[in-house]
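One structure below.
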Amino acid sequence: MDKIPVILDGDPGHDDAIAWVFAKASPKFDIKAVTSVAGNQTIEKTTINARRICALLGIDAPVARGAVKPMTADPVTAGNWHGDSGLDGPAMPEPDQELSELPAVDLMAKVIRESETPVTIIATGPQTNVAQLLIAHPEVKDKIGKISIMGGGVTHGNWSPAAEFNIFEDPEAAWIEFHSGIPLQMCGLDVTERAIIRPDDFPRIRGIGNQVADIVAGWLEFFYRYPMEIGYDGAPVHDPCAVLSLTHPEIFKMQDLYVDIELEGEYTRGETVADFIGSSGKRPNVTCVLDIDRDRYIDLLVEALHAFDCREVKI
Ligand code: RIB
Ligand code: CA
């Protein structure tokens, strides 16, 4: 089976890290690059976290530092969810490779330009790097096969009543992406808040008994801390949906819709406005992922973690 070349772009972030577990474990993907973006924490923190996650999982692709801040707004971080480091909880290995000398946007363009087949970008943070790639290197656009994102929500927000964090952080970047014409798959809060991992799932993860599973169990136990305080009955592990909706679309419900990004609204800036009634008169530009079989999600996490049964690194 020909593997799909992918770029992992994110702001790790506990759920970004678990998304990368799924990506590394999948036999369908050839990970060509990992790029960090400011979001859950500052770019310095998300970049070292990305490098440490790659060392833990054995992702030997180059890692490049991405955008320091959103395109126009001031950066907002989510330390309440992810802690001061952005990946609080279990100890992690030190990076096992140097940071790429290229900035994220140039590494992305290089990978796409050199790829023999179209590249899929899996972006689980603010969409700043993707937008800046399309601005700085328009010539590679036709070789981007698909962009799969965690972001937005067609019914509600989580950082404002209308906007989800990744899109709230950089709506201008999302606008560029949603108007690019590139095939786009959006895993918004509608599905990702149903990708919830509950405390009674945690022993099954920890019981797998390998180093990566132990660390993922530790990430879940930390990541659950804040949502528990605000009334969730588990940890909404958002980002893996952007990977699994590519590798296992059968466990999701999806609908093609026209979606636009609100840039001006006093209360709605960053909202992903989905046209369910056709009033825009515009053709769908996004495949919206709207629901998930949660039990299969947990089963697939256990299956993915067993891919690391023979791996242990020095910490
Ligand atoms: O709103 C959830 C999203 O914001 C996730 O990608 C999480 O990692 C944060 O980036
Ligand atoms: Ca993220």
Side-chain angles (χ1 to χ4, degrees), residues 7-23 34-43 45-50 52-53 66-67 69-70 73 75-89 104 121-131 147-171 173-174 177 185-197 216 219-220 222-227 230 232 234-245 261 269-272 288-289 292 297:
I7 294 170
L8 302 178
D9 179 83
D11 58 341
H14 296 78
D15 52 337
D16 304 76
I18 297 171
W20 297 358
V21 167
F22 278 107
V34 174
T35 51
S36 60
V37 65
N40 284 321
Q41 267 298 350
T42 62
I43 191 63
K45 294 178 178 179
T46 59
T47 303
I48 187 65
N49 291 341
R52 286 177 169 149
I53 294 161
K69 65 180 293 291
V76 172
T77 56
N80 48 347
W81 284 84
H82 299 277
D84 183 60
S85 73
L87 195 64
D88 280 19
I121 299 175
I122 302 174
T124 55
Q127 301 299 306
T128 314
N129 290 340
V130 177
I147 302 173
S148 180
I149 75 168
M150 190 280 143
V154 296
T155 53
H156 64 288
N158 65 354
W159 211 259
S160 78
E164 175 277 328
F165 177 80
N166 286 338
I167 312 300
F168 177 89
E169 181 91 338
D170 200 341
E177 186 176 62
Q185 195 158 289
M186 175 184 120
C187 297
L189 296 173
D190 322 284
V191 61
T192 69
E193 288 187 337
R194 297 176 182 170
I196 199 153
I197 302 182
V216 166
W219 286 340
L220 289 168
F222 178 87
F223 190 52
Y224 174 50
R225 182 188 46 51
Y226 181 67
I230 59 175
Y232 286 79
V237 187
H238 306 278
D239 293 338
C241 292
V243 174
L244 284 176
S245 55
I261 310 295
R269 175 170 159 82
E271 181 177 3
T272 48
C288 291
V289 185
I292 187 172
Y297 177 54

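Order of appearance sets the numbers: ligands from 1, and atoms from 1 within every ligand. Numbers for residues simply follow the sequence, beginning at 1. Please read these numbers as outputs of a predicted model, since none were measured by experiment.
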Atom CG of Asn129 and atom OG of Ser36: how far apart are they, to the nearest 0.5 Å? 7.0 Å
Strictly under 3.0 Å of the Ca ion (ligand 2): which protein N/O/S atoms qualify? Asp11 OD1, Asp16 OD1, Asp16 OD2, Thr124 O, Asp239 OD2
Angle between ring planes, Trp81 versus Tyr232, binned at 30° and 60°: parallel, tilted or perpendicular? perpendicular
Mind checking ring pair (Phe, Tyr, Trp, His ring centres under 6.0 Å) for Tyr224 and listing every partner two or more places apart, or none if nothing turns up? none
For Asp11 and Thr46, which I'm curious about, is there any donor-acceptor pair between the side chains at under 3.5 Å? no
Between the protein and ligand 1, which nitrogen or oxygen pairs come in under 3.5 Å, and how far apart is each?
| residue | atom | partner | partner atom | Å |
| --- | --- | --- | --- | --- |
| ligand 1 | 1 (O) | Asn158 | ND2 | 2.9 |
| ligand 1 | 1 (O) | Glu164 | OE2 | 2.6 |
| ligand 1 | 4 (O) | Asn166 | OD1 | 3.3 |
| ligand 1 | 6 (O) | Thr124 | O | 2.9 |
| ligand 1 | 6 (O) | Asn166 | ND2 | 3.0 |
| ligand 1 | 6 (O) | Asp239 | OD1 | 2.6 |
| ligand 1 | 6 (O) | Asp239 | OD2 | 3.1 |
| ligand 1 | 8 (O) | Asp15 | OD1 | 2.6 |
| ligand 1 | 8 (O) | Asp15 | OD2 | 3.2 |
| ligand 1 | 8 (O) | Asp16 | OD1 | 3.1 |
| ligand 1 | 8 (O) | Asn40 | ND2 | 3.0 |
| ligand 1 | 8 (O) | Asp239 | OD2 | 3.2 |
| ligand 1 | 10 (O) | Asp11 | OD1 | 3.2 |
| ligand 1 | 10 (O) | Asp11 | OD2 | 2.9 |
| ligand 1 | 10 (O) | Asn40 | OD1 | 3.3 |
| ligand 1 | 10 (O) | Asn40 | ND2 | 3.4 |
| ligand 1 | 10 (O) | Asn166 | OD1 | 2.9 |

Exactly one candidate in Asp15, Leu8, Ile122 meets side chain to side chain contact (heavy atoms under 4.5 Å, CB included) with Asp239; the answer is Asp15
For Ala17, check side chain to side chain contact (heavy atoms under 4.5 Å, CB included) against everything at least two apart and list the hits. Ile53, Leu87, Trp219
Geometric class of the Trp159/Phe165 ring pair [parallel <30°, tilted 30-60°, perpendicular >60°]: perpendicular
If you look at every heavy atom in Pro126 and Asp9, which pair is closest and at what distance? O-OD2, 4.2 Å
What are the two closest non-hydrogen atoms of Gly86 and Asn49, and how far apart are they? C-ND2, 3.6 Å
